[in-house]
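Contents: one structure, followed by commentary.
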Amino acid sequence: MRISKKVLVTFVTCALAATTSFSTLAATTLKLSHNQDRNHPVHQSMQYMADKVKEYTNDQVRIRIYPNGQLGTQRESMELLQNGALAIVKSNASELEAFEPAYGAFNIPYIFRDRDHYYRAMESDVGEKILAASHKKGFVGLTYYDAGARSFYANKEIKTPADLKGMKIRVQPSPTAVEMIKMMGGSPTPLSYGELYTALQQGVVDGAENNETALTTARHGEVAKFFSKDEHTMIPDVLVISSKVWDGLKEEERQAIKKAAKESMQFHKTLWTEMTAKSIEEAQSTMKVKFIDVEKQPFVDAVKPMHEAALQNPVIADYVRGIDALANTQ
Ligand code: GCU
């Protein structure tokens with residue numbers, strides 16, 4: 001059943017209004033929407049955060065999590081947040097780029113040397129500046145969550161950019177993702193995450209790109225049997241809160257939420273490593289997905305102009321330079 005956006009907005013607005021009217025009597029309840037399943041690591045890390053927020057605010061602030069896109073896609077959830085119907089959304093840097101261009105810095109292919117560089121960027125002043133950049137646009141970033149490296153998966157091996165020729169590759173609704181696939185020689189097809197399983201199954205697209213957990217938590221390994229590890233991007237998930245809700249909280253509540261968010265990012269770091277390994281194991285043994293090692297250099301070369309163009313783009317150049325500068329530091 002597909003609920004129309006209007007019905008959804010009315011429903012969520014009423015639900016929020018009900019919560020607000022009781023707020024003098026009881027705790028403030030903040031509704032959080034995201035598009036992953038309950039068995040996905042990010043759901044568990046956000047549940048960890050919600051428990052910490054409850055503890056640190058003596059139960060005065062509660063976070064109620066709505067998984068599986070039940071309140072809308074990531075994009076619809078951001079729109080609900082901007083018009084006041086939702087308090088918190090987990091999206092990712094790719095989709096947030098359309099709402100706040102600063103996130104585009106994270107989406108440049110091969111900008112990170114390795115996982116340590118990626119973490120240095122998320123934990124740095126640059127990372128914090130990006131989270132804070134969107135306050136006037138109606139939301140503020142609370143924290144990043146590791147979402148691994150993204151690679152191609154399809155029903156054929158993709159070992160060089162030439163293999164992408166003629167292939168429709170599902171991408172997130174993000175200008176950088178569209179550009180990346182074009183530069184590698186494929187045909188980008190933006191779709192929401194919730195539509196992807198069926199699109200792969202029915203051949204609406206020939207392939208997709210994501211981290212390994214998508215194979216198991218979203219069951220994409222049932223409909224795509226080759227995962228080709230070119231690891232073109234490392235795009236973090238991002239937890240954002242409505243600026244209005246944020247500004248309306250007490251200072252000590254804001255501090256409690258920020259502390260819990262940061263702790264959940266560290267909790268997630270360990271969980272992510274464990275769950276990715278489990279996903280790979282399950283995808284190989286149960287779903288018979290084959291993992292292919294890929295020579296990365298031809299992919300790196302194909303998209304190099306994107307990094308150069310970003311350094312010339314006044315909107316994100318400072319962030320990109322900031323991330324580049326963290327490549328070699330410890
Ligand atoms: C990742 C990410 C999601 C996103 C998805 C996608 O799984 O964690 O936030 O929606 O990629 O490709 O759409």
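Ligands are counted one by one from 1 in listed order, and the atoms in each one are counted from 1 as well. On a predicted model such as this, the values are computed, not experimentally measured, just so you know. Positions are given from 1, in the same order as the sequence printed here.
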Provide, to 0.1 Å, the distance between [atom] and the closest protein heavy atom, together with that atom's residue and name.
| atom | value |
| --- | --- |
| atom 7 (O) of ligand 1 | Q36 NE2, 2.9 Å |
| atom 11 (O) of ligand 1 | R150 NH1, 3.0 Å |
| atom 2 (C) of ligand 1 | D237 OD1, 3.2 Å |
| atom 10 (O) of ligand 1 | N35 ND2, 2.8 Å |
| atom 4 (C) of ligand 1 | Q172 OE1, 3.6 Å |

Inset, instruction - Please determine if K90 forms a cation-pi arrangement with Y145, meaning its NZ or CZ atom is less than 6.0 Å from the six-membered ring centre and no more than 45° off the ring axis. - result: no
Inset, instruction - Validate the cation-pi geometry between K296 and Y110: distance from NZ or CZ to the six-membered ring centre under 6.0 Å, angle to the ring axis within 45°. - result: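 No, cation not above the ring by the 6.0 Å, 45° rule.
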Legend entry - E222 and Y197 side chains, donor-acceptor separation under 3.5 Å: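 Side chains of Y197 and E222: pair found under 3.5 Å.
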Inset, instruction - Give the contacting part of H34 toward ligand 1: side chain, backbone, both or neither, where contact means a heavy-atom distance below 4.0 Å. - result: neither
Legend entry - Mutual orientation of the aromatic rings belonging to H40 and W272 [parallel < 30°, tilted 30-60°, perpendicular > 60°]: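 Taking W272 first and then H40, their aromatic rings sit tilted (interplane angle of 30° to 60°).
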Inset, instruction - Look at the aromatic rings of F299 and F152 and report parallel, tilted or perpendicular, splitting at 30° and 60°. - result: tilted
Inset, instruction - Kindly identify the option in H220, E209, R170, R75 whose heavy atom sits closest to atom 12 (O) of ligand 1. - result: R170
Inset, instruction - Identify the residue among E97, E95, Q172 that makes a side-chain hydrogen bond (donor to acceptor under 3.5 Å, both in side chains) with N107. - result: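 Checked E97, E95, Q172 against N107; only one passes side-chain hydrogen bond (donor to acceptor under 3.5 Å, both in side chains): E97.
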Inset, instruction - Show which atoms of ligand 1 fall inside a sub-4.0 Å distance from at least one heavy-atom site of K90. - result: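 With K90 as reference, the close atoms of ligand 1 come out as 3 (C), 8 (O), 9 (O).
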Inset, instruction - Verify the ring-centre separation between H34 and Y193: is it less than 6.0 angstrom? - result: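 When the ring centroids of Y193 and H34 are compared, they turn out to be at least 6.0 Å apart.
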Legend entry - N210 N/O under 3.5 Å from ligand 1 N/O: yes
